[in-house]
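The block underneath contains the structure these notes are about, expressed in structure tokens.
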Amino acid sequence: MVSLSGNLLFSSFILYLIATVFFAGSIKDKKGKMKEKGPNKWAKIAVFITIVGFICQLGYFITRWIVAGHAPVSNMFEFGTFFALSLVGAFIVLYYMYKTPLLGVFTLPVALLLIAFSSMFSRDISPLIPALQSHWLYIHVTTAAMGQAILGMSFAAGLIYLVKAVDQSKPSKRTFWLETIMFGLICTLGFVLVTTTFSLLDYKAEFNWIDKNGQQLKQEYTMPAITGPNEGELLTAGKFEPLVEMPGIINAKKLNTVIWSLLSGTIIYLLFRLIIRKRVGAVLQPVVKNIKLDLVDEIGYRSVLIGFPVFTLGALIFAMIWAQIAWTRFWGWDPKEVWALITFLFYAAFLHLRLSKGWHGEKSAWLAVIGFVIIMFNFVAVNLVIAGLHSYAG
Amino acid sequence: MKHVKCECGHVNPHGTILCEACGRVLQESEKDKKLVDMRYEGSARRSQTYNKTIIDKIWNFFSSVKVGVWLIVITLIASALGTILPQEMYIPPVMPAAEYYEDQYGWIGKLYYELGFHNLYSSWWYLVLIASIGISLVICSLDRMIPLWRALKAQRVARHEGFLKRQRIFGVSEASNLDVSYEKIKERLKAKRYNIREEDGNILAEKGRFSRWGPYVNHIGLIIFLIGGMLRFVPGMYIDEVLWVREGETKVIPETDGQYYLKNNKFILEVYDKDKDNKAFSNAIEEKGMVAKNYQSDVTLYKKKGETVAGQAPELEKVKDYSIKVNEPLKFEGYALYQVSYKLDELNQMTFRLNKKDSEESFGEIKIDLNDPKDRYDLGNGYAVEVVSYFPDFEFDDSGEPITKSKVPNNPAFVFKMISPDKKDGEISFVAIQQTIEPFGDNEYKMNFAGIDTKHVSSITVRKDLTLWIIALGGLIFMIGVAQGSYWNHRRIWLRRVNDEVWIAGHTNKNWHGLKREIQSVLEGTGIDDPEDQVQKETKE
């Protein structure tokens, strides 16, 4: 059953990948056939494959639930894959509302990255600690993830808007920031590639080091150490000696992973620029040629409108109910709680700016991108960097 | 106050931009615009009309969405700053916060502490920010909702031509066979759940107006929520106490006026077992070592019976037995008892034997309850032990005197007086763990350590929060309002006959795509052309 569950997830990953190609194909095919109503054959196949992939991933979710005896939303891997599942689900719904295959070209890669990224963390089925043993685990986490995924759709729409709207004929602030977003996505890919490579090579280097409290500890690196731990001493023979030693208050191992991700991302990005000799945004621009800007704007706005109440319900209201039961208080300024509040405040500001200050179109698209960065920060950094009650990353 | 009378006869309040009834543009500055600003229906808002007195100025400040958004953004940034380092309530109590931050995080920590970020969420300026958002919510809502309500109530079916042609969705068609088309359109609009009003061949089809109140409903919810949060500071509304209770011990529950008592029968800690629990967990358990499965305190809740005079032991009546687990608090009379922490194997009893040093002959055993030692233990035959001093958590202070750090028996030490038939005045001995001192020279007797008993201790949080229902009500109203405003759209379609033409205009507060599709399907096959989206036309040009 465990292996079946894993295989289903892997199948869905491959299916999303194929669907992306078909969605991209459907855009190309549209040339000269603009008058034709509705999606073309490519798009129909693409959405069919997406739905099959979605069902596979649902199968992964259900089988894993059966094996574990609890909903698989309790650690980094499980949450990330569920987030991707919700994102694909939200995309399928929006696809049928607006019939825009282009949305798939941008959403599915994000879902793929999410699954790949999450798979880099421990995939073991772990038992629930007492605080997590509650039905509110399913209710709170799934609703919050769905809310974030629907909000994430506005990021996809915003990205399409920016790729189309940003003038690529000359470098500007806008092209710079658009490239930064692309670079961020590529670094995630870099992280996946580097982690997979070293895990296939079975790279393991053990260090003795002194933590900030002066205690001697052992730490195992799974990537060659660029930044070594405080007063680190390499124990495994024949492995890479650290280039720089970090002070005790910095987690050198995590920093090392970040540096590797950035490094590999930079290399991929530079190779791309060197070979294609165009910005990533400029390369994508022809893909979005035929989409109407105001339609994309509306899809983005609509996603925020649909997602905001769901997010509030899941990430704040249900969260508070559960916190009252499990932690004795509905609100305790735990970093995850604070970042959920920040997300809430951000999208509240988004809606007010749009309604009252007329921030439509490009401004709105930039905001949608920033909103997703906040959501991702809450998912990644608050789990891995800022320690708190919600650090279930494992 | 001056009123503005429109050509159509309707009297509008001072400051109105679009006539509430017919929509005619009343303000000169708006007349040159291609499209009218439909926000709040062009109604007269206090903040846009008056700006003389101090009250006007304060009102205008807080009614501005710009100010509101700034307040939100500043709160957002401040909240984020508070998560860089842990808040004071989450740091371990090993040293004062002033030292802790610098010790752990260097100069950044010191700066963080000095700026007050270690207690950010209860700092006065953060509370001022939240309060300002609350005020802004009230004023913004009042400033907009009342005029909007008036305008939507006063609207007439026939709208002024200048109003119609300045709508985003607008079209003019030659009219032929209009009566047939009208019937068809009306039927279709009804099927799409529009409310239809008809006057002199003009139609106003409207639906989802209640979604316009969504924002105000959710703001009311937020205000109730914030008021609930403030009520916590009213005495008696909120109780947060910690009760440490040992196994076998019965303690009065704090803040219950001595009415309730809690007995801890047993504390249970369970961890997952690789072999007994779900096999799917074995990898994870192996990797993490130990994973907690259950923290549980089996308790009995008692209620005091009748009145007791001071000093008299209360008579207790059992209310119920309960197993308090994480996620399963014990609730009674508005109180909730939570399993929050524990201490395993706290020293509870120590056993000593009174021995004669040279012969190792024993004259009896004493068992000392470390939480309540007796003054004297009689062993019979003229032998006895007196506890002269007791230090539950013993250490030597700077001048070398024994003191106790706390009342918790972490490191008990005693000054015993050993009384025997041959030493009637007794011999003094200082006994601590692994240590015996005889301050007055060699004794003939000694206290031999014979064993310890330990007990677990449960830490129970006692909570009462009378503000919860207000907070919940606020949350519920907020959710209703936000769903109301997000999931429904306020759509209006106007049809007006002008000579031989029919003018169509449409407005929605959001989702223009949906409105356009709806108009398209309503007009299909009626001979009336689809109206154009004037915003889109403009961008194309």
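Here the structure is a predicted model, which is why all the values come from computation and not from measurement. In the text below, chain A, chain B and the rest are named by the order of the sequence lines, each starting its count at 1.
For B/N294, the part lying under 4.5 angstrom from a heavy atom of chain A is the backbone only. With a 4.5 angstrom heavy-atom cutoff, B/I471 touches chain A only via side-chain atoms. Proximity to chain A (any heavy atom under 4.5 Å) is restricted, for B/E287, to the side chain, taken from C-beta onward. In this structure, the portion of B/K516 lying under 4.5 Å from any heavy atom of chain A is its side chain and not its backbone. At a 4.5 Å heavy-atom cutoff, the contact between B/W512 and chain A is made by backbone and side-chain atoms alike. When heavy atoms are compared at a cutoff of 4.5 Å, B/D465 approaches chain A solely by way of its side chain, counted from C-beta outward. When heavy atoms are compared at a cutoff of 4.5 Å, B/S79 approaches chain A by way of both its backbone and its side chain. At a 4.5 Å heavy-atom cutoff, B/K279 makes no contact with chain A through either its backbone or its side chain. Heavy atoms of B/A292 lying under 4.5 Å from chain A belong to its backbone as well as its side chain. For B/Y487, the part lying near chain A is the side chain, with the backbone staying farther off; criterion is any non-hydrogen pair under 4.5 Å.
Only one option out of A/R302, A/K363, A/R354 pairs with A/D297 in a salt bridge (charged side-chain N to carboxylate O under 4.0 Å, His left out); it is A/R354.
Aromatic rings of B/F478 and B/F225 (six-membered ring for Trp) have centroids beyond the 6.0 Å cut-off, not under it.
Each of B/K325, B/M89, B/E270 has some count of heavy-atom pairs under 4.5 Å with chain A, and the biggest count is that of B/M89. Chain A forms more heavy-atom pairs under 4.5 Å with one residue of B/E328, B/K510, B/Q339 than with any other, namely B/K510.
Between the CD atom of B/E88 and the CZ atom of B/F117 there is a distance of 15.0 Å, given to the nearest 0.5 Å.
A donor and an acceptor atom, one from each side chain of A/W366 and A/E362, are located under 3.5 Å apart.
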